[in-house]
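Everything below concerns the one structure shown next.
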2 protein chains.
Amino acid sequence: MIPGMATPVVLGLSAVIVAVTGEEPRLLTVGTSPVGLPSGQLDPEGDRTLERALRRWVREQTGIDLGYVEQLYSLGDRDRGPHQGERLVTVAYLALVREGPVPVQSGARWRDFYSFFPWEDFREGPPPALGSAVVPALEGWVAGAAEGAVGEARRERVQIMFGRRGSPWDVERVLERYELLFEAGLISEAGAPDGPVPGEPMALDHRRIAAQALGRLRGKLRYRPVVFELLPPTFTLGRLQRVVEALSGVRLHSQNFRRLVGKGGLVEPTGEVDASTGGRPAAVYRFRREVLRERPAPGVGLPGMRTSG
Amino acid sequence: MIPGMATPVVLGLSAVIVAVTGEEPRLLTVGTSPVGLPSGQLDPEGDRTLERALRRWVREQTGIDLGYVEQLYSLGDRDRGPHQGERLVTVAYLALVREGPVPVQSGARWRDFYSFFPWEDFREGPPPALGSAVVPALEGWVAGAAEGAVGEARRERVQIMFGRRGSPWDVERVLERYELLFEAGLISEAGAPDGPVPGEPMALDHRRIAAQALGRLRGKLRYRPVVFELLPPTFTLGRLQRVVEALSGVRLHSQNFRRLVGKGGLVEPTGEVDASTGGRPAAVYRFRREVLRERPAPGVGLPGMRTSG
DNA sequence: TCTCCTTCTACTCCATCTGAGCATAACCCT
DNA sequence: AGGGTTATGCTCAGATGGAGTAGAAGGAGA
């Protein structure tokens, strides 16, 4: 940095690119040890919009042309950039792509999303990491509070975010859980060696961004038909359900699920059947666009959370 | 701009500051003809976080110390800044404050939120501006499409966003309606004289930011107890209801509303009564914090929008 | 071929939630 | 005292969501 000149602002762009392969949610990463999110920076003269700049960078780094893209959040804390003498403000995006186009060159790689957040996957019951590592570590943090009031506040936050003592587990609070773990010193950002809590690290604050993306995506499933961005044009209801389960991290009652999306007008049968599913051949469906005209908030509806009340 | 030097990025911050006075939702504005949102820019060296920078600017411009603040969106299109030779990227925030502290000095002023979006207020039935100006103008735009496919797409968007032909009116789609009006050329940004559609203009793209804020706030009412940020610590249910109505722009069934917030555990009676409401004295309530532990998404629940389905 | 296993699909049951209306209470004003 | 206004309690029907039972239709293996 030139002395006497103001610190320049650098506008960074990062993308959380999600796909679902089979039953697994995937996250596109670049680099190694630690991995990171595809990222670049705005060309203040060349890029007409932030989103275009993001698409350009992702194409260059991974060879993928993004479809559905949505802005997530902007991060601008003073100490978060890798370089001195500049202020890095990053606009993070969530992107959804269909499975398949595994990038080859460029070192970009699909990774299991839950390898970064093992405590978020309840599909096979409570994650082992939760009871064996996360909860004990959090309890230690609560007990470690000097004053009573601080301890009580910590206890309440743990209870709410991690569903202890009868509080429900809210699948959408991914970011809040991550931040709580971070605040408790149980997770180290910026690729430092793991704390007591398991999960792969990521570069800079990328893991935090990924956590926010997962939470947002889980929430959006509920009231916008975003799942279909991750699926081919036609699919079976079983496949649709497995994608929703992969993202939400919980199992769904399949009879109710099919009633929900069918009667709800979200999908319609194409008339074909797919016999490759194992048991009885499944009817093939497609997304029913007209639902957008009929219902204000068409989504798939996750369990345990009525509208309000 | 110095030739040969890269265009610098300037990071702007803007705040949509909302209060409710009596029955009216208010927006804090600065300047005149057109008015604008309180705004400033990041000091890359001095401001530790974006949010702190925002609070600093708002305090300087309006004398208000913000309480609840939440990030809305970042805007960075190339042509949006007022100055040549720099790239203005703005991070917009939504802030909620309690009624009362009307700023005096500094030219900041509270204004009726709906003076900028007259078509969004359904409390007294469909807004006159909607049927007399907005819909006819939109129909002209639809009819003006050259090709059939384009016209059909326009018609569908109008139907969905403005609840025509049996589609429901979704109170949360404030931004999408605004963008549709803008795209149709019915609204002029940057304080140009009004188009065919009524509503006060604002500086730059501030009106768009305000539209997004209102939509976000309406949505958030449903699943987070944000209303209480706008109310004193204790209040009557009638007052609570009027605040929700002011923001959502629709009337609620008061018996059901009281059942919802009461049985839902959102509020609890203090034991006092308030006889100043006109008719029968009303019981005074307070927000019940414990609800955060009990329910994943505590909110007030607006009509016409079940969870999913 | 027959049996078992798997997945897909159709229904039923029931608790809860939501929307709407009826009725009453308790204050003010004229 | 009567009428107007706001507050509050209660009922009822229809919609919604969670959970279970049962049968259909394929494949794998005995």
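Chain A is the first sequence line, chain B the second, and so forth, proteins listed ahead of strands; every chain is numbered from 1.
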Problem set entry | Residue whose nearest DNA chain D nucleotide is more 5′ - A:G278 or B:N256 | B:N256
Problem set entry | Side-chain (B:R98) to main-chain (B:F228) donor-acceptor, under 3.5 angstrom | yes
Exercise. Taking CZ from A:R280 and P from C:dT7, how many angstroms apart are they, rounded to a whole number?
Worked result: 14 Å
Exercise. What is the distance from CZ of A:F257 to P of C:dT9, rounded to the nearest Å?
Worked result: 12 Å
Problem set entry | Those residues of residues 233-255 of chain B lying under 4.0 Å from DNA chain C by at least one heavy atom | B:H253, B:Q255
Exercise. Okay, side chain of B:R288, backbone of B:G265: is any donor-acceptor separation there less than 3.5 Å?
Worked result: yes
Exercise. Quick one: the side chain of A:R259 and the base of D:dG18, do they pair up donor-acceptor inside 3.5 Å?
Worked result: yes
Exercise. Do the side-chain N and O atoms of B:T29 and B:R111 include a donor-acceptor pair separated by under 3.5 angstrom?
Worked result: yes
Per-pair distances, 0.1 Å, donor-acceptor, side chain in residues 157-164 of chain A, under 3.5 Å, sequence neighbours excluded:
residue, atom, partner, partner atom, Å
A:R157, NH1, A:E183, OE1, 3.2
A:R157, NH1, A:E183, OE2, 3.0
A:R157, NH2, A:E183, OE1, 3.2
A:Q159, NE2, A:S167, OG, 3.3

Exercise. Going through the checks in order, is the side chain to side chain contact (heavy atoms under 4.5 Å, CB included) test met by B:V18 and B:F113?
Worked result: CA-CA 8 Å; B:V18 178; B:F113 211 117; 3.7 Å; yes
For this session: If a pair satisfies ring-ring contact (aromatic ring centres under 6.0 Å, His included) and one of its residues is in residues 254-275 of chain B, list it, with sequence neighbours excluded.
Result: none
Exercise. Between C:dA25 atom P and B:R258 atom CZ, what is the distance in whole Å?
Worked result: 16 Å
Exercise. Taking atom C1' of D:dA19 as reference, at what distance in whole Å does atom CG of A:L260 sit?
Worked result: 14 Å
Exercise. Which part of the nucleic acid, if any, lies within reach of B:A275 when heavy atoms closer than 4.0 Å are counted: base, sugar-phosphate only, or nothing?
Worked result: nothing
